[in-house]
Protein chains: 2
Amino acid sequence: MSHVRNVEQFRSSLRRFLHTKGLKSTRQREVVAESFLAATDHVSADELYRDISTQHPGIGYATVYRTLKLLKEAGLAAERHFGEGFARFEPLEPGQHHDHLICTGCGAIVEFENPDIESLQDRVAERHGFAIDYHRLELYGRCAKCRPKQTHS
Amino acid sequence: MSHVRNVEQFRSSLRRFLHTKGLKSTRQREVVAESFLAATDHVSADELYRDISTQHPGIGYATVYRTLKLLKEAGLAAERHFGEGFARFEPLEPGQHHDHLICTGCGAIVEFENPDIESLQDRVAERHGFAIDYHRLELYGRCAKCRPKQTHS
DNA sequence: GTAGCTGCAAATCATTTGCATAACC
DNA sequence: GGTTATGCAAATGATTTGCAGCTAC
């Protein structure tokens, strides 16, 4: 889903963000951003760090965390918590949003979008006087492969 | 919403659970369970510990955590993460479920239920071959009080 | 009795931060 | 050239665990 992405565009978005904020565009930040995009979606900071380490042993844990935080601020990454005790991150296509189906058997994560659900959410929020900025919807269950076979007996 | 609850029923559910598992019903576990029910919904372990401390200075942090874990296993408590860096817990009415509206201004948490959203979720899951066990839906935004006043200019 | 608990302190794990040095603009 | 970034190591904060003594069954 988010794999079809314009790397160049992502890179320049980041540069623009850094420039606007008076921050510097460094080799490390480019490397982290690049690896982040190249990685499977929903990497943890640790996974990303390890990925990077193989090619760039110099880059430290702290830099990975610091860069991920910047990417979030730039609106280029989203932080997710799937109840594993640590965070996972995914690249964000500007203006795009999706929710997740998580298989409690094999850990597979499937992304989906559903406008009908979203408009119902808006209606609920409105009813309570809220103005929604963002939301989180996760469905936990068993994927087709992990589903226990039907008991026919 | 979950404040109207039968304390006696909760207590006996816990006892039954402990007994089935060959675990013991102790004074501390009763105290923690009691305070948990008495507390405002969505307490953190820390808040609960402090609550308890005032009446029962002997009970330690570890016991609070351990009992909360038991309550989860017993299906009597749900653990929630609202992005604060720690967990919040709420008593669970058997078979009842609800979602949350969270104000990013004042931290207010409002519970809601919406069957229409739930059935759409089921349909989405089905389409992907998933069998849903549970889900999590959180809407983040500003409540009526915290909403910036409309800019009319 | 004895397996299962408790309380404390120490351990763990993810994430953050202080600081001296190094890199961008 | 001065400000901001990096990399390490140490700090933090939430949660867990080891262990010696205590308690329920």
Side-chain angles (χ1 to χ4, degrees), chain A residues 11 14-36 42-53 55-74 77-89, chain B residues 11-12 14-36 42-74 77-89:
Chain A
R11 219 195 313 240
L14 177 56
R15 283 226 193 87
R16 215 175 312 124
F17 172 78
L18 291 172
H19 192 263
T20 317
K21 292 273 183 176
L23 305 175
K24 290 170 182 171
S25 186
T26 66
R27 195 179 69 36
Q28 290 90 330
R29 285 176 179 168
E30 309 246 310
V31 167
V32 174
E34 209 92 353
S35 302
F36 175 55
H42 313 108
V43 270
S44 62
D46 183 69
E47 287 164 0
L48 185 55
Y49 168 73
R50 279 215 250 278
D51 263 26
I52 293 172
S53 291
Q55 307 296 318
H56 307 265
I59 295 182
Y61 239 106
T63 299
V64 171
Y65 272 106
R66 287 191 273 232
T67 306
L68 283 170
K69 183 181 265 182
L70 282 176
L71 290 171
K72 280 196 303 183
E73 285 166 24
E79 181 175 345
R80 312 270 184 192
H81 291 260
F82 296 127
E84 303 167 293
F86 54 85
R88 292 189 172 278
F89 300 83
Chain B
R11 219 194 313 239
S12 74
L14 177 57
R15 282 227 193 88
R16 217 175 310 124
F17 171 80
L18 291 172
H19 193 262
T20 317
K21 292 273 183 180
L23 304 175
K24 290 171 180 167
S25 186
T26 66
R27 194 180 103 301
Q28 290 91 329
R29 285 178 178 166
E30 308 247 311
V31 168
V32 174
E34 208 92 354
S35 302
F36 175 54
H42 311 109
V43 268
S44 62
D46 184 69
E47 286 164 1
L48 184 55
Y49 168 73
R50 280 216 249 279
D51 263 27
I52 293 172
S53 291
T54 64
Q55 307 297 319
H56 306 266
I59 294 182
Y61 240 105
T63 299
V64 172
Y65 272 105
R66 288 192 273 233
T67 306
L68 284 170
K69 184 180 267 184
L70 283 176
L71 290 172
K72 279 197 301 183
E73 286 165 24
E79 181 176 345
R80 312 270 184 193
H81 290 259
F82 295 128
E84 302 167 293
F86 54 85
R88 291 191 172 277
F89 300 82

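Since the model is a prediction, treat every value here as computed from it, not as a measurement.
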* Structure fact -> Taken to the nearest whole Å, CD/B:E30 to C1'/C:dC5 is 14 Å
* To do: Could you pull out all residues at least two apart from B:R15 that satisfy salt bridge (Lys or Arg N to Asp or Glu O under 4.0 Å)?
  => B:E30
* Is there side-chain contact between B:T26 and B:L18, with heavy atoms separated by less than 4.5 Å? -> no
* Are any of the side-chain heavy atoms of A:I52 and A:T63 separated by less than 4.5 Å? -> no
* Structure fact -> Here the pair of heavy atoms bringing A:G60 nearest to A:Y49 is C-CE1, 3.8 Å
* Is the number of heavy atoms from other residues, nucleotides or ligands under 6.0 Å of B:H56 NE2 greater than 12? -> yes
* Structure fact -> Whole-Å distance, A:L70 CG to C:dT16 P, equals 12 Å
* Asked: Taking CG from A:L18 and P from C:dA23, how many angstroms apart are they, rounded to a whole number?
  -> 18 Å
* Roughly how many Å is it from CD in A:Q28 to C1' in C:dT21, rounded to a whole number? -> 13 Å
* To do: Rounded off to whole Å, could you give me the CZ-to-P distance for the B:R15 and C:dC5 pair?
  => 15 Å
Distances for protein N or O near nucleotides 16-25 of chain D N or O, under 3.5 Å:
{"unit_1": "D:dA24", "atom_1": "N3", "unit_2": "B:K24", "atom_2": "NZ", "d": "3.3"}

* Structure fact -> Which of C:dC5, C:dT15, D:dT15 is nearest the side chain of B:F86? It is D:dT15
* Would the number of heavy atoms belonging to other residues, nucleotides or ligands and lying under 6.0 Å from NZ of A:K72 be above 12? -> yes
* To do: For a side chain to side chain contact (heavy atoms under 4.5 Å, CB included) with A:V31, tell me which candidate from A:E34, A:Q28, A:R27 qualifies.
  => A:R27
* Structure fact -> A:R88 atom CZ is separated from C:dC13 atom C1', nearest whole Å, by 15 Å
* Asked: In whole Å, what is the span from the CG atom of A:L68 to the C1' atom of C:dT16?
  -> 13 Å
* Asked: Side chains of A:E47 and A:D51: closer than 4.5 Å at any heavy-atom pair?
  -> no
* Structure fact -> When B:T63 and A:H81 are each assigned the nearest nucleotide of DNA chain C, the 5'-most assignment goes to B:T63
* When the distance from CD1 of A:I59 to P of C:dA22 is rounded to whole Å, what number comes out? -> 17 Å
* To do: Kindly indicate whether the side chain of B:L48, heavy atoms from C-beta on, has any atom under 4.5 Å from the side chain of B:L68.
  => yes
* Mind listing the residues from residues 49-58 of chain B sitting with a heavy atom below 4.0 Å of DNA chain C? Number order is fine. => B:G58
